[in-house]
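The figures that follow rest on heavy atoms only: side chains count, while hydrogens, waters and symmetry mates do not. If you're wondering where the values come from, they're calculated on a predicted model, not measured in any experiment. Whatever order the structure lists ligands and atoms in, that order sets their numbers, starting from 1.
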Amino acid sequence: MTPSLQMEKSRIALPIGVTLDRFIKSKQTEYPSAAGEFSQLLRDLALASKVVNREINKAGLVDIMGNIGQQNSGGDEQQKLDVLANIRFTRALSKGGEVAGIVSEETENFIDLKNKGKYIVAIDPLDGSSNIDVNVSIGTIFSIFKRKSKAGKPLSKKDFLQKGDCQIAAGYILYGPSTMMVYTTGNGVNGFTYETTLGEYVLSHPDMKCKTTGTIYSMNEGLTSHIINKGVTDYIALCKFRNYSGRYIGSLVADFHRNLLKGGIFLYPSCKKYPKGKLRLLFEANALAFIVEQAGGEASDGSKPILRIQPTQLHETTALFIGSKNMMKDLQKCINKN
Ligand code: P6P
């Protein structure tokens, strides 16, 4: 099949309500060379998310709330559900056999699963976990790359320190009033809502697009007097002058998802407390940057696109500005003036 026809087919809209499984199968048939490993990987992620969703839904009832009295490598207090989610996703991916290795926000180093899998996964198993105890939406964020080392050889950090534009897929699961899985494989963005009675994700948001502009800005304004880049404070002042709405949940996936649907911009700048930014490049920024660019938006660290950043450490952080194209351009103008 010629690539153009292949691309065309990949854009054939599937009906709302089609299950994730059928959707994945339909996309796989458009890539005859695909032997199904990638499709299986996506299914493994979806399965793990269903198990995590169940744990989250009963979090208020079973003694798995609160923190376990230890911190992850980024210094965040680990919540019981963080650890549970990490176990669930790691187990699902290692049993699936398609993933050669995983690097997680919850573990210091990468995990070599010692199999012949073609792929590696970078994952934040449960982002925004500080919101768990107050029943606010939280999320899982994942990036999928092809391994760089030869199948059967030991993995090295090089397999994981790939630029965001090497991702072959990225997505998130939002555990909110409804649970959604949103992902891209480089041919647009599609959203699936979890139908709990069926235990299936069904297509609910086909071909998602980020509005070119919006009137929502999301930033922790407690940082304002500590922001290093004056252009960012100038942009926030511009948002206020334009009577934009400030909306900040403190859970990246939830803030990102709202801005994706309604138009808006999320800002986590470098500041005195986080001179290199707070958010993780491998586990948070890369995946959302891939998704937003596929949906027509932009993502940068204030000087270059997120997807062009060459990571040097697994737990590297970055400033993150992400959202509607025109709002990102206005922000960049403010930054460039300073
Ligand atoms: P702050 C949650 O801990 C997180 O990693 C993101 O989900 C969220 O956007 C950000 O940190 C919130 O950080 O400093 O505003 O509490």
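- Asp124 places none of its side-chain heavy atoms less than 4.5 Å from the side chain of Arg280.
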Show me the short polar-atom pairs for ligand 1: any N or O of it lying under 3.5 Å from a protein N or O, with distances only.
residue  : atom   : partner : partner atom : Å
ligand 1 : 5 (O)  : Asp127  : OD1          : 3.4
ligand 1 : 5 (O)  : Glu284  : OE2          : 3.2
ligand 1 : 7 (O)  : Asp127  : OD1          : 3.3
ligand 1 : 7 (O)  : Asp127  : OD2          : 2.6
ligand 1 : 7 (O)  : Leu252  : N            : 2.8
ligand 1 : 9 (O)  : Leu252  : N            : 3.4
ligand 1 : 11 (O) : Lys278  : NZ           : 3.2
ligand 1 : 13 (O) : Lys278  : NZ           : 2.9
ligand 1 : 14 (O) : Tyr268  : OH           : 2.6
ligand 1 : 14 (O) : Lys278  : NZ           : 3.4
ligand 1 : 15 (O) : Asn220  : ND2          : 3.0
ligand 1 : 15 (O) : Tyr248  : OH           : 2.5

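- Checked against side-chain hydrogen bond (donor to acceptor under 3.5 Å, both in side chains), Thr193 has the following partners two or more places apart in sequence or in another chain: Ser204.
- Using a 4.5 Å cut-off between side-chain heavy atoms of Ile, Leu, Val, Met, Phe, Trp and Tyr, Phe290 falls into a hydrophobic cluster with Leu307.
- Using cut-offs of 30° and 60° on the angle between ring planes, the pair Tyr183 and Phe192 is parallel.
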Validation: residues 167-179 side-chain donor-acceptor distances under 3.5 Å, sequence neighbours left out:
residue : atom : partner : partner atom : Å
Gln167  : OE1  : Ser143  : OG           : 2.7
Gln167  : NE2  : Gly164  : O            : 2.9
Gln167  : NE2  : Asn286  : O            : 3.0
Tyr172  : OH   : His257  : ND1          : 2.6
Tyr175  : OH   : Thr140  : OG1          : 2.8
Thr179  : OG1  : Asn53   : OD1          : 2.5

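- A salt bridge is absent between Lys153 and Asp112: the closest approach of a Lys/Arg side-chain nitrogen to an acidic carboxylate oxygen does not fall below 4.0 angstrom.
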